[in-house]
Number of protein chains: 2
Amino acid sequence: MATLTIDLNEVLRLGVPRAIILWLAAIPSLREREHELAALEPHEAAEFAALLTPQTAAELFDGLNPYVTGYFLESLAAGQAAKVIGWIHPDEAGRALREIPTANRHSILELVDEAARQPIVDALSWPEESAGAWLQPALAVVRTGQTVADATGSLSNTSSSTRASYIYVTDPDDTLVGVASFRDLVLASPETLVESVMKTDVVTATPLEDREFAARTLNDHRLKVLPVVDGGRLVGVLTAEDMASVLEEEVTEDAERQGGSAPLDMPYLQAGPFTLWRKRIVWIAVLFAAEMYTGTVMRAFEDELSTVVALSFFIPLLIGTGGNVGTQVSSTLIRSMATGQVGIRNLPRILGKEVCAGLLIAVTMAALAGLRALTLGVGYEVGLTVAISIAAIVVWSSVLASILPLVIKKIRLDPAAVSSPLITTLVDGTGLVIYFTVAKLLISALQ
Amino acid sequence: MATLTIDLNEVLRLGVPRAIILWLAAIPSLREREHELAALEPHEAAEFAALLTPQTAAELFDGLNPYVTGYFLESLAAGQAAKVIGWIHPDEAGRALREIPTANRHSILELVDEAARQPIVDALSWPEESAGAWLQPALAVVRTGQTVADATGSLSNTSSSTRASYIYVTDPDDTLVGVASFRDLVLASPETLVESVMKTDVVTATPLEDREFAARTLNDHRLKVLPVVDGGRLVGVLTAEDMASVLEEEVTEDAERQGGSAPLDMPYLQAGPFTLWRKRIVWIAVLFAAEMYTGTVMRAFEDELSTVVALSFFIPLLIGTGGNVGTQVSSTLIRSMATGQVGIRNLPRILGKEVCAGLLIAVTMAALAGLRALTLGVGYEVGLTVAISIAAIVVWSSVLASILPLVIKKIRLDPAAVSSPLITTLVDGTGLVIYFTVAKLLISALQ
């Protein structure tokens, strides 16, 4: 086993292309490579790029976070960036270039070799979130009528060891008619026709479908490679490795949306304070505007509040608990929707389940809240008001948090936008209305 | 392409083992198989189990959600369950049995065939969250000194088409010394020694390490199979398909924890209201207890509240916004920690970044809050108090939310437990203290 320790500074000191080969061998982890690459100063990036060869560039950027690749390319002069771009897989190059502002992107692309440019332009032509943006060439394709020997022969000529797990069989107009695993071919006798080895019932994706959907199809069918067909014609494949990064990125975006931010679209450590501010301030301001409603509610009940000051003691407790229950419900539900387990078709079942669970929680919380009111010594009327209000708020919050994500999905927005901050904000205002209404009905001094 | 439509009810009507083969071919999606299986009544489950053969059982349960498999087995008589268990891959059988209460599990295991039982008991012996619980046999193992021809010959004898993407080379005492891809072997000449084809720098996992950590290693190195070694000896492999389900499950658990629940550990639609109550009530009650502190704070400032009732108008707005900012910070940070991008080593950098971003947000919110106070007509003093308080609360909340997940991780708990509800609850009480302290300093009527 190798016990080489070499980092990018050492590579720059050595100053020869071979040093990059050693570094790649010593650092097999993509995450570590990304960390080192992102830490380079612009002049170091230029020095490093000068040492890259077509082979080391292809290996280095294969599977790397497109943001990190884009960031690296952006720190180079356009001509140097164009040279490196020409050595990267076109689909990876396309994704990295999407991270670069349009003007720079075009000035780099113009300088890329004619031959290398077209596939990159093609990759860039698919919408950013589509399966098409992750297309890789289907390396091992044979025509109907060929034999197993022909197929294995053509395989030996392909250079990539990772993408050719399956052989795709097409008819003369490129329509995909079947698939055979590499292993099937090896175990079959060489003179057999590929048609007799192949499986015809092929799971496929289309280039315009959502990349997350395609990634889930691949996982769900336990495939290593998913062929992509456009009107029946085989246009490329999606690999399990790439789809794993797609899912990872989608999960990160969902987590960020759930926390009430816009997705960062870059590694956290690369994001400066101003970027963080920009990704967060829109939602915070929107929620602030929504939350302003609580002030209006409170002022509307100003007389009640000055008559029974003790009422205000319970405001944070009541609306806080309502928000907590709503967050529990929405977070569980949204994750079930993201994994495709639950959809709008399940609304009645979900609502029934959540109302029942909400009632159980309401009873428990009413008992606890009543006890708390007694210990604060606020009297029987306020105690009863608090107990009834918390029960009503918990049930209301459960209903709101179970319906909202489904409705948002129905109108084709991302259910993850129903964030914890959104739920708590909505429950704050409406919870206060419930509380003061119950108070007016129950407390004699207020009547 | 097949256009077969057949569901489990149809299989039961046909009542012959071959019907299951048709059903498996018609429904390649694991999610759909799970839905249909989970919907069977106990007597239907028994009928269906009677039609299973060793082959169809192995195919059906391969990669299925262990909870669904366990639920299915539990609805059978122990003898029938034991028969089916004997046909499932031992690692899958082990995970499904973990979902069954201990007493039932043992009565089923006792009835399993002697030969099939030992591997299952072995699988069950690894801790639930360890890589060991996902171990599969390394099917293609050759000894040093063998030739490429020996290796491909032994491959043809293995039955699984999915697990043998790589050949592992061991020395006579089972120590893993190298790995070669199936493809490397095919393209090498048959009389070559495996040592000259293999790569010796092998990325491995250990059976006792966390399954999530192993899954990330596999992704990070873009492997399809990750060998597991115990003291140097090859004890099995982890597959990319299995590790994809591990990550999916871990992400779901994190999302549930982030929402302030205990993980459900079962598909959402299978969870009844009482289960939901049980998974949620502990955190809700803990948070309620923590939130009770807000009542104490409010009562401590009762005089201030009755002197300037307008102060209470802003309570939900101030603590709500503080909670929202904290949730934004913690959710982004926790996700970055889950993907291994960020750790305690980055604390100074994170804190610096978050304090700066917090200050930017604080300034924006202070301006908005000041404006809001003017529109509510509460006077200059209260307006200034609100503006200063919200700025202080936003910064405090940012600091709390960036330190807490790292501290929790440091003491070896799951950072995802720093849920949105926990952050909002902590900010509620402390935010009130900040608010009333600022009010006492600034408002002349309170001095």
Side-chain angles (χ1 to χ4, degrees), chain A residues 2 28-31 63 156 161 183 187 201 219-222 240-241 244 251-252 255-256 259-261 267-268 273 276-277 280-281 284 287-288 291-292 294-295 298-299 305-306 309 312-313 316-317 320-321 324 327-328 331-332 335-336 341-342 353 356-357 360 364 368 372 376 420-421 428, chain B residues 2 28-31 63 156 161 183 187 201 219-222 240-241 244 251-252 255-256 259-261 267-268 273 276-277 280-281 284 287-288 291-292 294-295 298-299 305-306 309 312-313 316-317 320-321 324 327-328 331-332 335-336 341-342 353 356-357 360 364 368 372 376 420-421 428:
Chain A
S29 157
L30 296 183
R31 292 297 151 269
S156 315
S161 59
R183 207 186 135 83
L187 302 181
D201 198 5
N219 267 3
D220 192 14
H221 294 85
R222 292 170 79 81
E241 288 93 339
V251 166
T252 299
E256 287 165 341
S261 307
Y268 175 75
L276 292 177
W277 175 83
R280 291 172 183 169
I281 196 66
I284 282 294
L287 293 169
F288 183 86
E291 188 93 44
M292 287 196 323
T294 57
M298 301 275 285
R299 198 177 54 180
L305 274 172
S306 27
V309 177
S312 67
F313 299 171
L317 182 63
T321 302
N324 290 346
T327 299
Q328 288 186 325
S331 59
T332 303
R335 178 64 192 154
S336 303
Q341 288 177 50
V342 165
K353 187 195 299 259
C356 291
L360 288 172
T364 324
L368 289 176
R372 172 60 178 157
L376 270 178
S420 317
D428 280 357
Chain B
S29 157
L30 296 182
R31 292 295 151 272
S156 315
S161 59
R183 210 186 134 82
L187 302 182
D201 197 5
N219 268 3
D220 192 14
H221 293 85
R222 295 170 76 84
E241 288 94 338
V251 166
T252 299
E256 287 165 342
S261 308
Y268 174 75
L276 291 177
W277 176 83
R280 291 172 183 168
I281 197 65
I284 282 293
L287 293 169
F288 182 87
E291 187 92 45
M292 287 197 321
T294 58
M298 301 277 283
R299 199 178 52 181
L305 275 172
S306 26
V309 176
S312 67
F313 299 171
L317 182 63
T321 302
N324 291 347
T327 301
Q328 288 186 325
S331 60
T332 303
R335 177 65 192 154
S336 303
Q341 289 177 49
V342 165
K353 188 196 296 263
C356 291
L360 288 172
T364 324
L368 290 175
R372 173 58 178 158
L376 270 177
S420 317
D428 281 358

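When reading the values below, keep in mind they use all heavy atoms of this one structure, side chains included, and skip hydrogens, waters and symmetry mates. Quick note on labels: first sequence line is chain A, next is B, and so on, each numbered from 1. Remember, predicted model here, so these are calculated numbers, not experimental data.
Of the residues considered (B:H221, B:M292, B:R299, B:R280), B:R280 shows the highest number of contacts with chain A, using heavy-atom pairs under 4.5 Å. When B:K353, B:E256, B:R31, B:Q341 are compared by the number of non-hydrogen pairs under 4.5 Å with chain A, B:K353 comes out ahead. Ranked by heavy-atom pairs under 4.5 Å with chain A, the list B:P316, B:S261, B:G260 is led by B:P316. For the set B:A255, B:S420, B:S29, the entry with the most heavy-atom pairs within less than 4.5 Å of chain A is B:S29. Your options are B:N219, B:L376, B:T321, and the one with the most heavy-atom pairs under 4.5 Å with chain A is B:L376. The greatest number of non-hydrogen atom pairs below 4.5 Å with chain A, out of B:T294, B:V309, B:L287, B:L317, is found for B:L317.
Interatomic distance, CG of A:D428 versus CD of A:E291, reported as 4.0 Å (0.5 Å rounding). Rounded to the nearest 0.5 Å, atoms CG (B:L276) and CD (A:Q328) are 9.5 Å apart.
If you measure heavy-atom distances from A:R335 to chain B, the contacts under 4.5 Å come from the side chain alone. For chain B, the nearby parts of A:D220 are the backbone and the side chain; heavy atoms of each come within less than 4.5 Å. For B:T252, the parts lying under 4.5 angstrom from a heavy atom of chain A are both the backbone and the side chain. For A:S312, the parts lying near chain B are the backbone and the side chain together; criterion is any non-hydrogen pair under 4.5 Å.
Between A:T364 and B:W277 there is a side-chain heavy-atom pair separated by less than 4.5 Å.
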